[in-house]
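What follows is a short report on a single structure.
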Amino acid sequence: GSGDTAPDRESQIRPLKGLSEDAMREAWDEAVKNSGGVRPTAKAVNEAADKRREHAREVRHQSESSEWMTPDRILVCVRDFLGRIDLDPASTAEANARVRAGAFYQRDDDGLAHEWWGKVFLNPPYGFDAHRVSMAQVWSQHLLKEYAACRVEEAILLVNAEVGSRWFRPLLDYPVCFPPRIRFLRPGGEVAQQPTHANALVYIGPRKASDFARAFYGIGITVVRQAA
């Protein structure tokens, strides 16, 4: 029972100090699991607690960085290629002054809960959702679903180039432009520090890959997966 694995000494509880109540419970449960279902050692608890702290730091860093605005030179190519942007479902009023979408959703609107349509530009928020799933995965999967349902006519998606991640694989069915690492803009227009991740611009739509590659030639190299 749970009593068999409950902490029985102070050294097991000490590593959990400073964590939220939920994080304490998750760290303890993880330590029990990693110990084969028996009461964990203080070392096992410390390792699990450190993982929780690292995750919290990462979420905090990424949420601080979640409002990174796309540079104008990329937006000019996006608008020229699509002709117009009907919707940016993950934006801010300040960002949309640059994107110039006909409509946009802000964080409080929860763009995932609303209708998508027409020609879409999407630079998803960074970080993770409440289930620790990458926001890039959540938003890119939603975009693919909206396109498959013919609600989105065509779209350009800007995400980190995590080509080895499972969530990125479906995007490789579409033309992908790999630019040099993009220096995004912070709120207020300040240029952010050199990012740690490479980026990818994905075209999801009916037009030829060669048209997209030509339009984004000045931005980066476009790759198209060849049929087996």
Side-chain angles (χ1 to χ4, degrees), residues 61-109 111-112 114 116-127 134-136 138-140 142-144 146-147 152-163 168 171 174-224:
H61 166 73
Q62 290 183 316
S63 65
E64 285 167 1
S65 310
S66 65
E67 290 180 11
W68 284 11
M69 299 185 294
T70 309
D72 289 343
R73 67 188 186 88
I74 290 176
L75 292 173
V76 167
C77 282
V78 170
R79 281 194 300 269
D80 284 352
F81 184 67
L82 295 179
R84 67 179 190 278
I85 300 171
D86 295 317
L87 176 69
D88 182 345
S91 191
T92 64
E94 183 184 355
N96 197 57
R98 295 174 178 277
V99 175
R100 302 180 203 164
F104 66 95
Y105 298 134
Q106 302 191 76
R107 181 183 294 182
D108 290 346
D109 298 324
L112 294 169
H114 292 281
W116 292 20
W117 70 92
K119 296 171 185 258
V120 169
F121 172 69
L122 173 60
N123 175 11
Y126 288 80
S134 155
M135 295 288 254
V138 172
W139 287 78
S140 62
H142 191 80
L143 175 59
L144 292 177
E146 291 295 293
Y147 178 65
V152 167
E153 184 182 331
E154 58 181 344
I156 291 177
L157 168 69
L158 172 55
V159 287
N160 284 342
E162 296 180 27
V163 291
F168 198 94
L171 300 177
Y174 302 90
V176 183
C177 174
F178 293 101
R181 291 183 181 181
I182 296 169
R183 296 190 71 179
F184 290 89
L185 303 174
R186 302 289 290 147
E190 175 195 354
V191 177
Q193 296 298 310
Q194 186 70 20
T196 55
H197 293 283
N199 306 104
L201 288 147
V202 187
Y203 172 62
I204 298 161
R207 286 195 257 174
K208 290 179 183 174
S210 57
D211 292 343
F212 175 69
R214 195 159 41 246
F216 281 77
Y217 177 78
I219 300 295
I221 297 168
T222 295
V223 174
V224 183

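T222 and P175 make their closest contact through CG2-CB, 4.1 Å (heavy atoms, listed as atom of the first residue, atom of the second, distance). L75 and T70 get closest at one heavy-atom pair: CD1-O, 3.5 Å. Smallest separation of non-hydrogen atoms from W116 and L143: CZ3-CA, 3.7 Å. Residues P125 and A90 approach most closely at CD-CB, 3.8 Å, considering heavy atoms. Scanning all heavy atoms of the two residues, the minimum distance from L82 to K119 falls at O-NZ, 2.9 Å. The shortest heavy-atom contact between A93 and Q106 is N-OE1, 3.4 Å.
A ring pair (Phe, Tyr, Trp, His ring centres under 6.0 Å) with F212 is found for exactly one of F81, Y174, Y217, namely F81.
Taken to the nearest 0.5 Å, the CD atom of E146 stands 11.0 Å off from the CH2 atom of W117. Rounding to the nearest 0.5 Å places CG of N199 at 10.0 Å from CD of E162. Rounded to the nearest 0.5 angstrom, L122 CG and H142 NE2 are separated by 9.5 Å. To the nearest 0.5 Å, atoms CZ (R98) and CG (D72) are separated by 4.5 Å.
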Would F216 and I156 count as a side-chain contact (heavy atoms from CB on, under 4.5 Å) here? Give the steps. CA-CA 11 Å; F216 281 77; I156 291 177; 3.6 Å; yes
Output, in order, the C-alpha distance, side-chain angles, deciding distance and verdict of side-chain contact (heavy atoms from CB on, under 4.5 Å) for W139 and L157. CA-CA 10 Å; W139 287 78; L157 168 69; 6.0 Å; no
Using the side-chain contact (heavy atoms from CB on, under 4.5 Å) rule, take V120 and Y147 through it: C-alpha gap first, then chi angles, then the decisive distance, then the call. CA-CA 10 Å; V120 169; Y147 178 65; over 6 Å; no
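When atom types are taken as modelled, the side chain of R79 and the backbone of V99 share a donor-acceptor pair closer than 3.5 angstrom. The main-chain N or O of Y105 is never found under 3.5 Å from a side-chain atom of H114 such that the two would form a donor-acceptor pair. Without hydrogens or angle criteria, D88 side chain to F104 main chain gives no donor-acceptor distance under 3.5 Å.
Side-chain atoms of I219 and R73, non-hydrogen and from C-beta on, do get closer than 4.5 Å to each other. Proximity of L144 to L171: side-chain heavy atoms (C-beta onward) are separated by under 4.5 Å at one or more points. Residues D211 and Y203 have side chains not in contact (no heavy-atom distance under 4.5 Å, counting atoms from C-beta outward).
In this structure, R207 places its CZ atom where more than 12 heavy-atom neighbours from other residues, nucleotides or ligands lie under 6.0 Å away.
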